[in-house]
Amino acid sequence: MTQEKKITVKKPAYLQNDKLADEIREIMKSKDKLFFNVMGSIGAGKTFLLERIAEKLTPHYRIFVINGDVATTIDADRIASKGATTVQINTGGGCHLNAKLIQNELDKINIDDYDIFFTENVGNLICPSAWDVGAQLDIVVVSITEGEYVIKKHPIIFKGAQIAVINKCDLDGLGFNSDTLVEDAKKIKSDMKVICTSAKQITGIDELIAALGIKI
Ligand SMILES: Nc1nc2c(ncn2[C@@H]2O[C@H](COP(=O)(O)OP(=O)(O)OP(=O)(O)O)[C@@H](O)[C@H]2O)c(=O)[nH]1
Ligand SMILES: [Mg+2]
């Protein structure tokens with residue numbers, strides 16, 4: 001008697017992720033919530049920008065931020081100190097957030113208790129580009145101190161994003177001009193909204209909030 005081999009066909013993880021991400025997007029849309037995914041390099045200023053955004057938005061909106069880092073709750077604590085509700089996911093060795101991690105956190109809260117949701121993805125310009133978290137808009141943050149080739153070398157993450165933020169513009173001109181980075185982002189995607197900010201000097205933050213479609 002020949003024994004039949006049982007074959008289980010598993011969907012690749014990223015296909016399951018995309019389906020779940022679409023479901024998250026649909027839920028947020030049906031509830032009239034905004035959900036933004038903030039990606040970017042290590043140390044580009046994602047947390048500092050989210051602190052500035054929280055300072056401006058929390059008097060008007062209930063903000064929920066999901067922070068991703070390999071370790072510590074430093075970033076979630078920093079943003080919480082500005083009035084947002086935050087949760088920190090420690091990925092261990094993981095270099096990105098994914099839809100399942102987001103859904104786990106959303107399952108623990110009442111989505112209706114908040115108006116606007118953000119992720120701060122794990123800092124790097126590679127892994128987060130491949131993992132949809134279900135946001136309506138993807139933002140990539142780089143900074144002047146990363147040098148003039150940072151956007152040219154990471155086209156994939158910029159292709160998938162709608163807004164590019166060039167932060168630390170208070171240091172503009174340090175070896176090169178921010179215009180180079182603006183041009184590079186537009187070359188990758190002609191309709192990319194590119195905003196120069198300084199989280200330190202609080203410039204460009206209102207423009208960024210307006211680009212997200214948020215009225216204050
Ligand atoms: N000069 C200057 N420094 C900044 C600016 N934004 C952030 N920094 C500094 O850059 C460092 C990193 O800022 P973070 O906000 O922690 O950067 P991040 O992108 O959240 O970093 P990770 O979460 O570790 O990837 C801190 O020392 C900030 O004070 C800015 O606009 N100008
Ligand atoms: Mg951070």
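Each ligand, and each atom within it, is numbered from 1 in the order the structure gives. Note that the numbering runs from 1 along the sequence shown for the chain.
In terms of modelled atom types and a separation under 3.5 Å, the side chain of D69 and the main chain of Q88 share no donor-acceptor contact. Between the side chain of D75 and the backbone N or O of G68, no donor-acceptor pair lies under 3.5 Å. A distance-only check finds no donor-acceptor pair linking the side chain of T197 to the backbone of V165 [under 3.5 Å].
Looking from atom 25 (O) of ligand 1 to the surrounding protein, the closest heavy atom is K46 NZ, 2.7 Å. Looking from atom 31 (O) of ligand 1 to the surrounding protein, the closest heavy atom is A199 N, 2.8 Å. Nearest protein heavy-atom contact of atom 13 (O) of ligand 1 is G45 CA, 3.8 Å. With hydrogens left out, the protein atom closest to atom 6 (N) of ligand 1 is N167 ND2, 3.0 Å, a heavy atom. Nearest protein heavy-atom neighbour of atom 8 (N) of ligand 1: K168 CE, 3.6 Å. Regarding atom 16 (O) of ligand 1, its nearest protein heavy-atom neighbour is R78 NH1, 2.8 Å. Atom 28 (C) of ligand 1 has its closest protein heavy atom at F48 CD1, 4.0 Å.
Ligand 1 has no atom lying under 4.0 Å from any heavy atom of E51. Ligand 1 does not have Q201 within reach: every non-hydrogen atom of the residue lies 4.0 Å or more from it. Under the 4.0 angstrom criterion for non-hydrogen atoms, S41 is in contact with ligand 1.
Of all the heavy atoms of D75, the ones lying under 4.0 Å from any atom of ligand 1 belong exclusively to the side chain. At a heavy-atom cutoff of 4.0 Å, ligand 1 is contacted by both the backbone and the side chain of T47.
Coordination check, T47 versus the Mg ion (ligand 2): passed, since an N/O/S atom of the residue sits under 2.8 Å. With 2.8 Å as the limit, D69 does not count as an N, O or S neighbour of the Mg ion (ligand 2).
Remark: the S41 side chain and the E146 side chain contain an N/O donor-acceptor pair separated by less than 3.5 Å.
Nearest N/O/S atom of E120 with respect to the Mg ion (ligand 2) is recorded as OE2. Shortest distance from the Mg ion (ligand 2) to D75 is reached at OD2 (N/O/S atoms only).
With a 6.0 Å radius and a threshold of 12 heavy atoms from other residues, nucleotides or ligands, Y149 has its OH atom at or below the threshold. For NZ of K29, the number of neighbouring non-hydrogen atoms (other residues, nucleotides, ligands) closer than 6.0 Å is 12 at most. Residue I109 qualifies as enclosed at atom CD1: its count of foreign heavy atoms under 6.0 Å is above 12. Annotation: D107, atom CG; neighbour count of heavy atoms from other residues, nucleotides and ligands within 6.0 Å is above 12.
Annotation for ligand 1: atoms under 4.0 Å from non-hydrogen atoms of L171 are 1 (N). Less than 4.0 angstrom separates some heavy atom of D170 from each of these atoms of ligand 1: 1 (N), 2 (C), 30 (C), 31 (O), 32 (N). Below 4.0 Å from some heavy atom of I42 lie the following atoms of ligand 1, by number and element: 25 (O).
Test K46, E120, R78 against N67 for side chain to side chain donor-acceptor pair (under 3.5 Å) and you get one pass: E120.
Between C196 and C169 the SG-SG gap reaches or exceeds 2.5 angstrom.
Which of G123, A44, G204, G43 comes nearest to atom 24 (O) of ligand 1 through a heavy atom is settled by distance: it is G43.
The heavy-atom pair separating V133 from A21 by the smallest distance is C-CB, 4.2 Å. Across I216 and H60, no two heavy atoms sit closer than the pair CG2-CD2, 3.7 Å.
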